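Working notes, beginning with the structure itself.
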Protein chains: 2
Amino acid sequence: MGKNANSRRAVPYRATQPKRSSAQASVALDALNGHLGYFIRRAQIWVFQDFIRTLKPVDLSPAEYSVLVVTGANRGLSQAELAATLAIERARLVRLLHRLEERGLLQRLPSSADGRRHALQLTPPGRTTLARAKALAARHEQGLRTRLGAERHKLLLAALRDF
Amino acid sequence: MGKNANSRRAVPYRATQPKRSSAQASVALDALNGHLGYFIRRAQIWVFQDFIRTLKPVDLSPAEYSVLVVTGANRGLSQAELAATLAIERARLVRLLHRLEERGLLQRLPSSADGRRHALQLTPPGRTTLARAKALAARHEQGLRTRLGAERHKLLLAALRDF
DNA sequence: TATTGTTATACTCTATAACTATA
DNA sequence: TATAGTTATAGAGTATAACAATA
């Protein structure tokens, strides 16, 4: 059953101060300057740390937030569909969902059509938490927009869309 | 001394096929559509998987590659400087360097000025491997450029630079 | 006191294999 | 036989704390 095995995070999701992310002027990056992957990684570190810090009041990781958002917008989704949508391993999703279920934010209902599937849906408290989380996430995004400039923010969203 | 403790990777760096990364049309992403972090993560997954696959002949992870590049371009760097430059934890860098040292690609020399520091430098085989790796990485980057279009590639590099 | 390299611990995340129950 | 959910395992990566040697 694995009912309450490893379900709850022992420690709340941590967020360190986004450290000064650009390299010191004195160290040459050489070939890294031409690699998109290098700058994407740095951007990811910065953005995720800021996101985690901003969402601390609701104690949701980026992955948990994305699960709540997509589940809230697609009633009765199966775990496999959710995993494929968010590029999260099905195996990992199991424990992630356990935690959200334990917190009373989400339910796994038996699928009427297919006995193997779970139909995922948010509970009323889940909806409330999601609404709070969305407001905080919007604040995070607004901070990003301010930092980057609205133009660049829009441009990045569009340019990264089809990866 | 921890000479050969946990130093070598048991399994070569894996790279799965970049799976179809955009979500199925039928599942609504809702609020995620407005979040840069979501698309940055997806881009990172894609780019890193492609990088790992392309560099398989030299068996170097993105982190190892970046360490070789920066060490090769900055003689006598300390571990702390390297860690800060690449946003890798000092503690993690220790084992990463052990592996590269064991493979004979890199040396930790005593710093003449400061007894606490190591002066990092590539060995001749390290330089050879780095040259091969750079050629492969350039091929990876060219693939990205083709996929995105030269304009968008350039634009992304510029836009992500100051994170 | 502070910093460098190091070890240790705990947790997240990725990748895989295998099992069960359903289909 | 295939798929959905699950468990388990191994490794990478992140975050912290603490320690010895050196500054």
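Fair warning: this is a prediction, and the values are worked out from it, not measured in the lab.
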Atom CZ of R41(B) and atom C1' of dG13(D) are separated, to the nearest Å, by 14 Å

Looking at Q49(B), does any N or O in its side chain come under 4.0 Å of the phosphate oxygens OP1/OP2 on dA15(C)?
-> yes

Nearest-nucleotide pick for R116(A), side chain only, options being dA2(D), dA15(C), dG5(D) | dA2(D)

Atom CD of E81(A) and atom P of dA4(D) are separated, to the nearest Å, by 8 Å

In whole angstrom, give the distance that lies between atom CZ of R90(B) and atom P of dA17(D).
-> 13 Å

Quickly work out the I52(A) CD1 to dT12(C) P distance and round it to whole Å.
-> 11 Å

Looking at dA17(D), dT7(D), dG5(C), which one has an atom nearest to any side-chain atom of A91(A)?
-> dT7(D)

With the side chain defined as heavy atoms from C-beta on, A80(B) is closest, among dT14(C), dT7(C), dT4(C), to dT4(C)

Parallel, tilted or perpendicular: rings of Y65(B) and H35(A) (30°, 60°) | perpendicular

Is it possible for you to say whether V94(A) and L82(A) belong to one hydrophobic cluster, with membership spreading through side-chain heavy-atom contacts below 4.5 Å?
-> no

Nucleotide dG13(D), atom C1' - distance to CD of E64(B) in whole Å = 13 Å

Between R139(A) and Q142(A), does any side-chain donor sit less than 3.5 Å from a side-chain acceptor?
-> no

Mapping A63(A) and G115(A) onto DNA chain C by nearest heavy atom, which one lands closer to the 5' end?
-> A63(A)

How long is the line joining CZ of R117(B) and C1' of dA23(D), in whole Å?
-> 12 Å

Could you pick out which residue, D114(A) or L96(A), lies toward the 5' side of DNA chain C when each is mapped onto its nearest nucleotide?
-> L96(A)

Ignoring the backbone of Q79(B), work out which of dT6(D), dT14(C), dT6(C) is nearest its side chain.
-> dT6(C)

Whole-Å distance separating the CZ atom of R95(A) from the P atom of dT9(D) = 12 Å

Using a cut-off of less than 4.0 Å, is there contact between a side-chain N or O of R108(A) and OP1 or OP2 of dT6(D)?
-> yes

When the ring planes of F163(B) and W46(A) are compared, do they come out parallel, tilted or perpendicular, using 30° and 60° as the limits?
-> tilted

Nearest of dT7(C), dA23(D), dT6(D) to any side-chain atom of H98(B)?
-> dT7(C)

Answer yes or no: side-chain N or O of R92(A) and base N or O of dT14(C) forming a donor-acceptor pair under 3.5 Å.
-> no

Just do the side-chain contact (heavy atoms from CB on, under 4.5 Å) check on R99(A) and V67(A) with the steps written out, would you?
-> CA-CA 12 Å; R99(A) 286 201 293 247; V67(A) 162; over 6 Å; no

Once you round it to whole Å, what is the distance between P of dA12(D) and CD of E89(B)?
-> 17 Å

For S111(B), report the nucleic acid contact type (base, sugar-phosphate, nothing); a contact means any heavy atom under 4.0 Å.
-> nothing

